[in-house]
Amino acid sequence: MMTGHQKRQKKRQAELIYAANHPKQSKLSFVSVQNHNNGNTKHEIENINTEVSKNASTEIIKSVELRLSNNSNINIVQENVEATTLSVIPSKEMNSNYDDGSIDIIQEHINKIPDNLKNDFDFNINTTDNVANVENDNTSSTGYFIPPINMPTNVKVSFVNSHPIQPTGPEICFDVSKVYYRYLENKHNKEVVQRKWLSYNVINNKMYCSICMAFSTNRSLNWITGILVNVKHIYKSVEVHEISNSHKLAVNAFITGSSLKSLDLYFNDQRKKDIETRRQILERIISIILVLAKQDLSFRGHRNENCYSMQNDFSQKGNFLEIVKLVAKFDPVLKNHIDEISKKSLKMKFSTDSKNIKGPRGRGSFNTYLSKNTFNKIIIIIGNLMKKKIAQEVIEAKIFSLEIDSTQDVAVMDQLSLCIRYVLKGEVQERFLKMMEVKSSTGIEQYLLVKENLDSLSIDLKNLVSESFDGASNMSGQYSGLQAQLKKDSPSSIFTHCHAHVLNLIIGDATNCCISSQNLFVHCQKTAVFISRSYKRSNLWKTILQKKNGHEKLIKLKKIGETRWNSKDGALKAIFHSVYEENDKRERYICLLEVLHSIGYDNIADGETAAEARNLLDKWTQFDTILTSFLYLHVFSKATPVSKYLQTKCLDYLAAWNQIVTFQKEIKIISNDFDIIYEQAKKFSQFMEQRTKILPNVFIETKLPEQRKRKIKKMSGELLDDEVVVNDPIKLYRVQVFRIIIDKLSMAIEDRFFKNKNIFQALSFFDPNRFIDIKNKILTFDGENEIIFKNFCNTNGLQPNIVQEELINFSSSYESIAKSLEGEYACESELSDVSDENIDKQPNVESESPPKRLNTNSICKKCIPCVMKLLYKYNFHTSAFTNLYLVYKYILTLSCTQVHCERSFSKLKIIKTRLRSSLSQELLEPLLLISIESDKIPDIQEIITCYANSSLELQKLLLY
């Protein structure tokens, strides 16, 4: 059974055949071509997409559907230009060229014929013979007398211009002066005019009319196939043909084709203009799509997405169509497009409504470029192009590292984020690559999912040098986890438990290791929830805080998140300010006490709420709570900067290690500062006790309370006390709280961070800060250092002796070489301000100190990225320090964190919200790519070309 499209196509072909054979068809006609095999007639008309003038004949419009633009100034004279029918004279009849360039034009025209029709004809053109005939000037060759049937107008004009061929000589049997010339006589003069339309072939003794051969529609004329020369009648035959109607029509067609712009060329130019207009429309539409995607905004509305509703200014159509309408107000190209499609859409709606058509109506060939299918397809195309671009960079870099993590989205789907790290052109790159739905969370299933997606991008896991995950057993398990599966493809790859996650776990352990620390953060959470649970209590907090601080920014009490990094630090600072703040500026602690006192004692709340407020007030006035808070403020003042630094983009392994070692040293310093912390907490409580005397029911403790001495009952006959009871509260606090917290921190750092200690020791050889030690032979390559250095070089597949020699030579000249880079770029690793920290976090309360930024004209010269840039800039990696360059590239490729995955999860929460929970995985991934890796968005013209190649119909509309 034929489909609807086939039926319409068959009907259309029948209409074209009928119009071509109509007796009133005087301008254009279709010549049937007989198939030599079966005698069937071939009729094919394709891609007639040009415009005809309103003044053109209605017969032409019906038969060929050609449209000229309304502003065309070309007056079409009566002509008989043959319509192209996709048939060509067999090559055995074409032995010569019409002129120097016509054979190329003919061949180009043949190449445009669809492949499904080429099999029906023989298109072999013997170009070698043609050129030879031209060079020998064999003008009597039969090839010059083959009519250019179904050729473009410019080819026909070229054919006529290659004539006349009028040989002379004794072998000519007729009077040349009478045949080749005619005489114009009047009273005053007598003129001789050459008949340039006439050509004579000596070989077959026939005369031809070159103009009729090219432009006549009457293919049965003898002057087209050649009239045999008869001396008796030839003179009369020439005169009769010269004044015939068919010859005049052919001359008119030739004049039109040669004096005005060729119709074929005109139609091609008009088609190019139409294509250019459509591409300009798509440019604007794609720009709007990119803006919405980069800003993480939704595209569609709830209703009113039809084109005929675009003229209605009062209906909500969604972000995409509303921005299109806004841009159209200032852009004539988009405005004309919207006006045109609105009218067509409204006309189609009235037509279908009048016919009572039910169900899907379809758009036919009506393209608006504004439908949801269009922008969804464009979004997917952009995502695919971005992934290919990133994958190409990874393949060029050769070695890479993986950062993988998973989370659950709002639609209760387990999403696996795949990020990739590599070094390209001396620069470290960390890119989000894929967001995949996980059906099974086992290590083998995750491995198969990762491998399948990397294989689709032609990324080979054999080039993997490291992977970084969190501590989940399905990923970090050394026997059946994802780590173990990846090592089957790359046995030498290094697994790293994300340093940022490790530090978060260490802080979590240290804040939950004793009763005092547990109580402190429970009080923080309860207080924040208690205040924020009621708008009345929140307003009371804001009112009191505004009276204290004036017009300063109002700070909310921070809740403690289970997975949010540094949330406990923020919760304490929201009450006690920074550890280095002066006591007279710690107004938020006073405000908190006033709020709790007002709620608990001023009869503005119910009994249960008032009792809870009084309980919290009692907890915050205890000296144990204040002292523990100051202890953690000191710890967080060292841990928070390290945590933020470990969240820096493109952080290298050695820089992370240096920060961890520094943090460990600072914790050891704090372990000796108990007396300083105690005195600071005591001064604070004494100062606040003076400030709160106006509150009758607030009593702030200024020292640790003494515990009641326990009396142990002596047994009969017992004479001595074996147990010494310590009653000093300060000593008890030092032993039971302070030492436990500090020791927990120190042990956790040692246990969790020093698993890859050998790698850190090997990397220290390549630290630019140690170059002076290598130069002065303080850092040597013997003993244990030699073993560590050799193992590291063997892991990279390099010879230790050569690497050692290059490192010694480079370290000795590094200072002088690095001076040449002064003022060229700033080192990004030295920036302490982390702009990409979790996007869903609340604003920072305070920072310990203003973020330090380097002058844009400075260079640190003390980090591995700087060394890598220097090696790449001066092309040392191809000459003196090839092996050293490979080592630094390997070091910078190693991934020590997977915080880039956490950034993608933050974007995931913004894009896939409760209102967009049905967003498909096919669209979610490219939207994330556009939002996160916006610098990899391809050129708009490339996007349009890929979109056009997605269907045959779009190719006709958008490709030249």
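Bear in mind that the values here come from a model prediction, so they are computed numbers and not experimental data. Numbers for residues simply follow the sequence, beginning at 1.
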>> Before you tell me yes or no, could you show the steps for Ser199 and Met207 under side chain to side chain contact (heavy atoms under 4.5 Å, CB included), namely the whole-Å CA-CA distance, both residues' side-chain angles and the distance that decides it to 0.1 Å?
In response: CA-CA 6 Å; Ser199 294; Met207 286 188 181; over 6 Å; no
>> Checking side chain to side chain contact (heavy atoms under 4.5 Å, CB included) between Ile943 and each of Ile286, Leu282, Ile289, which is the one that passes?
In response: Ile286
>> Evaluate Glu340 against Lys344 for salt bridge (charged side-chain N to carboxylate O under 4.0 Å, His left out), listing each step before the verdict.
In response: CA-CA 6 Å; Glu340 182 180 353; Lys344 287 184 179 179; 3.2 Å; yes
> Taking only residues two or more places apart in sequence, or in another chain, which ones meet Lys936 in a salt bridge (charged side-chain N to carboxylate O under 4.0 Å, His left out)?
Replying inline: Glu393
>> If we check side-chain hydrogen bond (donor to acceptor under 3.5 Å, both in side chains) with Tyr960, which of these qualifies: Lys272, Arg271, Glu276?
In response: Glu276
> Aromatic ring centroids of Trp197 and His241 under 6.0 Å?
Replying inline: yes
>> In this structure, is the centre-to-centre distance between the rings of Phe145 and His163 below 6.0 Å?
In response: yes
> Looking at Tyr235, does the NZ or CZ of Lys178 lie under 6.0 angstrom from its six-membered ring centre and within 45 degrees of the ring axis?
Replying inline: yes
> Counting only heavy atoms not in Lys343, do more than 12 sit closer than 6.0 Å to its NZ atom?
Replying inline: no
>> Please evaluate residues Asp331 and Lys335 with respect to the criterion salt bridge (charged side-chain N to carboxylate O under 4.0 Å, His left out), reporting the C-alpha separation (whole Å), side-chain torsions for both, the decisive distance (0.1 Å), and the verdict.
In response: CA-CA 6 Å; Asp331 185 80; Lys335 184 179 186 304; over 6 Å; no
> Got a donor-acceptor contact below 3.5 angstrom from the Gln166 side chain to the Arg195 backbone?
Replying inline: yes
> Yes or no on side chain to side chain contact (heavy atoms under 4.5 Å, CB included) for Val155 and Phe159, after CA distance, side-chain angles and deciding distance?
Replying inline: CA-CA 6 Å; Val155 177; Phe159 172 82; 5.7 Å; no
>> Applying ring pair (Phe, Tyr, Trp, His ring centres under 6.0 Å), can you list everything that pairs with Tyr947, at least two apart in sequence or on another chain?
In response: none
>> Testing the 3.5 Å rule here: is there a donor-acceptor pair between the side chains of Arg182 and Gln194?
In response: no
> So, Thr374 and Ser371: side-chain donor and acceptor under 3.5 Å apart, yes or no?
Replying inline: yes
